[in-house]
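A short write-up of the structure that comes next.
Residues: numbered from 1 along the sequence shown. Every number for a ligand or one of its atoms is a count from 1 in the order of the listing.
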Amino acid sequence: MIDSHCHLAGEEFQPDLPDVVARARTAGVTGALVIIAADDEEEYERAAVVSRTWPSARFSIGVHPHAAGRFADDPSRAAQLVGDRVRGCADARAVGEIGLDYHYDFAPRDVQQTVFRAQVRLARHLRLPIVIHTREAEDDTFRVLQEEADGLVGCVLHCFTGDRAMARRALDAGHYLSLAGIVTFPRATELHEVAKMIPLDRLLIETDSPFLAPVPHRGTRNEPAHVVHVAAAIARLRDTSVDAVGEAARANFDRLFNP
Ligand SMILES: [Zn+2]
Ligand SMILES: [Zn+2]
């Protein structure tokens with residue numbers, strides 16, 4: 001199976017990246033989508049190290065809504081930077097994570113929206129799918145996506161934690177939903193219902209490493225090997241096999257990020 005969202009080029013993995021990748025392989029995780037913050041020069045440079053360590057890794061590059069404020073004076077500069085980074089990274093296959101985060105509000109909302117929209121337009125221009133981070137910003141996220149939908153090749157709502165109504169809305173718009181370790185939490189009952197309703201051809205699985213470690217690893221640094229716990233939780237909920245979930249998610253991953 002594949003981990004569709006992790007931050008392996010983050011400094012948290014610098015000390016032991018080869019061990020982390022070895023554990024992923026041992027667990028049956030054959031690849032990953034590694035998220036790179038376009039505005040983080042060091043992380044971008046470490047993408048090459050990740051590539052050498054794990055050649056099947058693919059990359060998604062974007063300006064996160066938390067960092068949108070840095071581009072307040074000229075939002076088009078965010079898209080320009082992402083475009084340059086994507087062209088400089090042979091295995092870049094997506095623009096992201098991009099979106100809106102009204103929970104933390106680290107950047108003014110209007111700036112977040114402009115920077116988000118500029119990057120969606122870039123992705124359309126580059127014919128690349130997008131990876132969306134949205135938190136407490138459902139309506140504005142869907143509005144931008146709908147207004148910019150023309151020519152968009154694919155859209156993933158990463159670490160989806162919305163309810164069934166939001167899932168329905170995303171599925172009706174043609175988006176993919178990526179579930180993370182939260183689905184392993186016993187009390188995430190609404191998300192369990194979402195996990196049952198996503199068609200297998202729209203489902204992705206992820207760790208969001210180093211964040212959000214699933215049961216039974218809660219409270220530790222998360223890593224791609226743990227995506228098997230996400231797959232297992234979904235398989236239990238859907239009364240199917242872990243392999244069926246992993247294989248469906250892998251096929252979706254290849255359609256989006258390895259066309
Ligand atoms: Zn995110
Ligand atoms: Zn992330």
Side-chain angles (χ1 to χ4, degrees), residues 2-13 20 24 29 31-40 42-44 46-47 50 57-70 78 82 85 89 92-107 109 112-113 115-116 119-120 123 128-138 140-142 144-145 154-162 166-167 170 175-185 188 191 194 204-214 217 220-227 230 249 253 256-257:
I2 293 198
D3 181 359
S4 291
H5 189 113
C6 58
H7 298 264
L8 268 195
E11 58 189 354
E12 296 87 347
F13 291 108
V20 170
V29 182
L33 187 71
V34 178
I35 309 299
I36 304 291
D39 49 297
D40 184 336
E42 288 170 10
E43 183 166 88
Y44 178 68
R46 284 195 295 265
V50 174
R58 297 294 175 262
F59 297 88
S60 180
I61 306 177
V63 172
H64 194 284
H66 289 343
R70 295 186 180 194
V82 173
R85 300 283 205 219
C89 176
R93 293 288 188 279
V95 172
E97 54 188 299
I98 60 175
L100 303 171
D101 193 315
Y102 296 170
H103 178 76
Y104 288 107
D105 273 330
F106 286 152
R109 293 181 180 183
Q112 290 191 44
Q113 288 176 29
V115 168
F116 174 34
Q119 294 180 91
V120 177
L128 289 176
I130 54 177
V131 177
I132 300 289
H133 170 108
T134 180
R135 191 155 179 206
E136 294 171 27
E138 180 178 339
D140 283 348
T141 302
F142 280 114
V144 171
L145 288 174
C155 173
V156 177
L157 299 189
H158 112 84
C159 191
F160 188 82
T161 53
M166 181 172 171
H175 306 326
Y176 290 76
L177 300 183
S178 182
L179 297 181
I182 296 167
V183 78
T184 68
F185 299 176
L191 194 60
V194 169
L204 292 169
I205 53 176
E206 64 168 79
T207 60
D208 205 8
S209 304
F211 316 109
L212 279 176
H217 300 282
T220 66
R221 182 191 68 175
N222 201 1
E223 61 178 57
H226 297 162
V227 80
V230 177
F253 181 94
L256 282 165
F257 305 119

- Item | Vertex the Zn ion (ligand 2), arms to Glu97 OE2 and Asp208 OD1, rounded to 10° | 180°
- Query: Counting distance only, does the side-chain N/O of Arg58 pair as donor-acceptor with the main-chain N or O of Arg93 below 3.5 Å?
  - Reply: no
- N/O/S of His7 less than 2.8 Å from the Zn ion (ligand 2)? yes
- Item | Parallel, tilted or perpendicular, as decided by the 30° and 60° cut-offs, for the rings of His158 and His133 | tilted
- Message: At a threshold of 2.8 Å, where the distance has to be below it, does the Zn ion (ligand 2) have an N, O or S atom of Cys159 nearby?
- Response: no
- Report yes or no: does Gln112 contribute a side-chain atom to a donor-acceptor pair with the main-chain N or O of Ala68 at less than 3.5 Å? no
- Query: Taking the side chain from Asp101 and the backbone from His66, do they hold a donor-acceptor pair closer than 3.5 Å?
  - Reply: no
- Query: In His133, which N, O or S atom comes closest to the Zn ion (ligand 1)?
  - Reply: ND1
- Does His64 put an N, O or S atom under 2.8 Å from the Zn ion (ligand 1)? no
- Do side-chain atoms of Tyr44 reach the backbone of Arg85 as a donor and acceptor pair under 3.5 angstrom? yes
